[in-house]
Amino acid sequence: QVQLVESGGGLVQAGGSMRLSCAVSGLAFSRYAMGWFRQAPGKEREFVAAISSSGATTNEADSVKGRFTIARDNAKNTVYLQMNSAEPEDTAVYYCAARFMLNSASTGSNRDDPKNYNNWGQGIQVTVSS
């Protein structure tokens, strides 16, 4: 049974930092590119960041570039999202997602489309107070 479990969310003040974790089980983690998405109330799910299965390639949405960093530890089957300089606009439910990739250095085409990811976590709330 495939499981993706997010942790580390909660309340943070604007300008503060928070690290989200996503622990993965039930699949060959080192063969999967990983992504973080978020969804605010009344809005569509949007891409935040992606990382290739080897960790060699990362991509971030323009809205978080320079503030958020995605990383992974294949020995721990875990992917992280380090959020710095948080803004109230970052308030959302954050989801991690997995995408099988043959190329360990690629995050894949259309990496920002949720339909390209096969497995999802249940989501975790992040609230940034102003």
Side-chain angles (χ1 to χ4, degrees):
Q1 181 182 356
V2 177
Q3 283 192 311
L4 287 74
V5 180
E6 300 96 341
S7 61
L11 179 65
V12 63
Q13 287 190 333
S17 297
M18 176 179 285
R19 189 176 79 159
L20 303 182
S21 300
C22 174
V24 180
S25 60
L27 54 76
F29 183 70
S30 63
R31 301 296 303 276
Y32 282 74
M34 298 297 298
W36 284 98
F37 290 77
R38 65 187 183 186
Q39 188 166 17
K43 295 188 176 181
E44 292 188 352
R45 193 166 297 190
E46 67 170 354
F47 171 76
V48 176
I51 186 167
S52 63
S53 61
S54 68
T57 301
T58 61
N59 306 96
E60 295 82 24
D62 288 343
S63 58
V64 305
K65 200 165 290 185
R67 300 189 299 119
F68 290 11
T69 302
I70 187 171
R72 67 190 294 158
D73 185 338
N74 284 355
K76 295 183 178 180
N77 284 12
T78 301
V79 62
Y80 305 96
L81 184 68
Q82 178 67 44
M83 305 167 58
N84 298 329
S85 302
E87 301 173 353
E89 293 75 21
D90 297 322
T91 295
V93 176
Y94 283 71
Y95 299 87
C96 65
R99 179 183 185 184
F100 180 77
M101 293 293 300
L102 289 175
N103 183 345
S104 64
S106 174
T107 51
S109 59
N110 298 322
R111 64 185 69 83
D112 58 347
D113 188 342
K115 293 192 291 292
N116 288 309
Y117 292 78
N118 310 101
N119 304 98
W120 290 82
Q122 80 286 355
I124 192 163
Q125 178 70 45
V126 172
T127 302
V128 183
S129 63
S130 57

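Any value given below was found using the heavy atoms of this structure, including those in side chains, with hydrogens, waters and symmetry copies removed.
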Test side chain to side chain contact (heavy atoms under 4.5 Å, CB included) applied to A56 - qualifying residues, sequence neighbours left out = S52, S54
query = What are the two closest heavy atoms between V64 and V48, and how far apart are they?
reply = CG2-O, 3.6 Å
Which residues share a side chain to side chain donor-acceptor pair (under 3.5 Å) with N77, sequence neighbours left out = none
Other residues, nucleotides, ligands: >12 heavy atoms within 6.0 Å of K76 NZ = no
task = Using the ring pair (Phe, Tyr, Trp, His ring centres under 6.0 Å) rule, collect all pairs that involve residues 10-55, keeping only residues at least two apart or in two chains.
result = Y32-F100, F37-F47, F37-Y117, F37-W120
ask   = Could you give the distance from CG (N59) to CZ (R111), rounded to the nearest 0.5 Å?
value = 4.0 Å
inquiry  = Pair M83, V12 - check side-chain contact (heavy atoms from CB on, under 4.5 Å), show working.
reply    = CA-CA 10 Å; M83 305 167 58; V12 63; over 6 Å; no
query = With sequence neighbours left out, what residues match A23 under side chain to side chain contact (heavy atoms under 4.5 Å, CB included)?
reply = T78
message = With clusters defined by side-chain heavy atoms of hydrophobic residues (ILVMFWY) lying less than 4.5 Å apart, directly or transitively, does V2 cluster with V79?
response = yes
ask   = Can you tell me how far OG1 of T69 sits from CG of L81, rounded to the nearest 0.5 angstrom?
value = 8.0 Å
task = Output every pair passing disulfide bond (SG atoms under 2.5 Å apart) with a member in residues 57-102, not counting sequence neighbours, ordered by first then second residue.
result = C22-C96
Any pair counted as side-chain hydrogen bond (donor to acceptor under 3.5 Å, both in side chains), so long as it reaches residues 97-106, sequence neighbours left out = none
ask   = So, for N84 and S17, which heavy atoms are closest and what is the spacing to 0.1 Å?
value = OD1-OG, 2.9 Å
Single-linkage hydrophobic cluster L27~M34, side-chain heavy atoms < 4.5 angstrom = yes
N/O donor to acceptor pairs below 3.5 angstrom from side-chain atoms of residues 121-130, sequence neighbours left out:
residue: Q122; atom: NE2; partner: E6; partner atom: OE1; Å: 3.4
residue: Q125; atom: NE2; partner: T127; partner atom: OG1; Å: 3.3

remark   = Residues passing the side chain to side chain contact (heavy atoms under 4.5 Å, CB included) test with Q39, sequence neighbours excluded, are R45, Y95
query = disulfide bond (SG atoms under 2.5 Å apart): which pairs involve residues 25-58, sequence neighbours left out?
reply = none
Working for side-chain contact (heavy atoms from CB on, under 4.5 Å), residues R38 and D90 = CA-CA 9 Å; R38 65 187 183 186; D90 297 322; 2.9 Å; yes
message = I need the F68 CZ to T58 OG1 distance, nearest 0.5 Å.
response = 14.5 Å
ask   = Considering residues at least two apart in sequence or located in another chain, which fulfil the side chain to side chain contact (heavy atoms under 4.5 Å, CB included) criterion with R19?
value = S21, Y80, Q82
ask   = Which pair of heavy atoms, one from V24 and one from L4, lies closest together, and at what distance?
value = CG2-CG, 4.0 Å
query = If every non-hydrogen atom of S85 is compared with every non-hydrogen atom of R67, which pair is closest and at what distance?
reply = O-NH1, 3.0 Å
ILVMFWY clustering at 4.5 Å (side-chain atoms), partners of L11 = none
task = Report the C-alpha distance between I70 and E60 in whole Å, list the side-chain angles of each, state the deciding distance to 0.1 Å, and finish with yes or no for side-chain contact (heavy atoms from CB on, under 4.5 Å).
result = CA-CA 8 Å; I70 187 171; E60 295 82 24; 4.1 Å; yes
query = Who passes side chain to side chain donor-acceptor pair (under 3.5 Å) against S53, sequence neighbours left out?
reply = none
ask   = Is the number of heavy atoms from other residues, nucleotides or ligands under 6.0 Å of E46 CD greater than 12?
value = yes
